[in-house]
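I have placed the structure first, in the form of structure tokens, so that the comments after it can refer back to it.
Along the sequence shown, residues carry numbers from 1. In this text, all values refer to a predicted model and were calculated from it rather than measured experimentally. Note that ligands are numbered from 1 as they come in the structure, with each ligand's atoms numbered from 1 the same way.
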Amino acid sequence: MTENINRPIGIFDSGLGGLTVLKEVRKLLPNESLVYFGDSGRAPYGTKSFETVRAYTKQDVAFLLSKGVKAVVVACNTAAACAGREILDSFGVPVVDVIGAGSEQAVSVTKSGKIGVIGTSATVGSGVYERAVKALMPSCEITAKACPLFVPLVEEGWWDNEITYQVARKYLGDIGDIDTLVLGCTHYPYLEKVIGDVLGDRVTLVNSAKAVAMKLEKTLKDEGLKSETANASTEYYTSDSVEKFGTLGKLFLGDLGGRVFRADTEAFS
Ligand code: DGL
């Protein structure tokens, strides 16, 4: 058991967006070592088919398991949406995903039961958030909207400029009478200010990165896997250029606080 406790937590995403999740996990669980895998070589996932993303997801988890992780966080909404819980529950370690965590949080904060969800085309097309939220609150009304331009805007570092405001107004102007909006994509927490300004105070934003960190903490406690030692380290792996990961990673996270390695993609094909 003790041996398991000291193993790292694996976090993966299609690329760097999942660093929003890593940041929240590090804040909440500073004693945990982390292994992050960003599949930038095959990103974006949000525009790919269900079958392709499902196959990538299995390979991403296999890669993290090859690093000896004790639990996995699926930071990528698209990966979680396409894989589904049945696959995520089949790896022999606890797997926590953003969709379950974000849905639980949305249900706990909504007052009117009118909930919006935004994400990539694949996530919204899968209908997974509707199912997850409705399973928790059958009476709720869900409005889901794909916002594909948000990911490139965030990667460009355009987190609150006029063009981003215009795009947000176009996507969200007709979202309707919701009181809660789930930011169902790794990148969207960077647009919290813009989205909040466009929707106003009547709408509470659910940052699924924070929600998944809280769910992870609960899962580790329940499974007796929460580390109490302060010797935590972070390692990053990318399926694309290490230099590019380092540069963009700094934009997303500030100091990465760990080394970046090229992932041995042979290990997971
Ligand atoms: N990580 C993806 C998600 O959370 C967004 C980027 C992509 O499309 O790969 O849905």
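- Residue-level proximity to ligand 1 for Asp13 is carried by the side chain, the only part with a heavy atom below 4.0 angstrom.
- Close contacts between ligand 1 and Tyr45 involve ligand atoms 7 (C), 8 (O), 9 (O) [criterion: under 4.0 Å to a heavy atom].
- A salt bridge is defined here as a Lys NZ or Arg NE, NH1 or NH2 lying under 4.0 Å from an Asp or Glu carboxylate O, and Arg42 with Asp60 meets this definition.
- Applying the 4.0 Å criterion to heavy atoms of Gly46 picks out, from ligand 1, the atoms 7 (C), 8 (O), 9 (O).
- Taking a cut-off of under 4.0 Å to the non-hydrogen atoms of Thr120, the atoms of ligand 1 that pass are 5 (C), 8 (O), 10 (O).
- The pair Asp160-Lys193 does not count as a salt bridge, with every side-chain nitrogen at least 4.0 angstrom from each carboxylate oxygen.
- The closest approach between any non-hydrogen atom of Cys185 and ligand 1 is below 4.0 Å.
- Looking at Gly17, Cys76, Gly184, it is Cys76 that brings a heavy atom closest to atom 2 (C) of ligand 1.
- Under the 4.0 Å criterion applied to side-chain N and carboxylate O atoms, Arg262 and Asp240 are not assigned as salt-bridge partners.
- Atoms of ligand 1 found under 4.0 Å from any heavy atom of Thr78 (numbered from 1 in listed order, with element): 2 (C), 3 (C), 10 (O).
- Judged by distance alone, the side chains of Tyr237 and Asp39 never bring a donor and an acceptor atom under 3.5 Å apart.
- By the 3.5 Å distance cut-off applied to N or O atoms, Asn77 is counted among the residues near ligand 1.
- For Glu223 and Lys218, the salt-bridge test fails: no basic side-chain N is under 4.0 Å from an acidic carboxylate O.
- Between Lys215 and Glu104, at least one side-chain nitrogen of the basic residue sits less than 4.0 Å from a carboxylate oxygen of the acidic one, meeting the salt-bridge criterion.
- Counting heavy atoms under 4.0 Å from ligand 1, residue Thr186 touches it through both backbone and side chain.
- Among protein heavy atoms, atom 6 (C) of ligand 1 sits closest to Ser14 OG, 3.6 Å.
- The pair Glu51-Arg54 fails the salt-bridge criterion, with no side-chain N (NZ, NE, NH1 or NH2) lying under 4.0 Å from an Asp/Glu carboxylate O.
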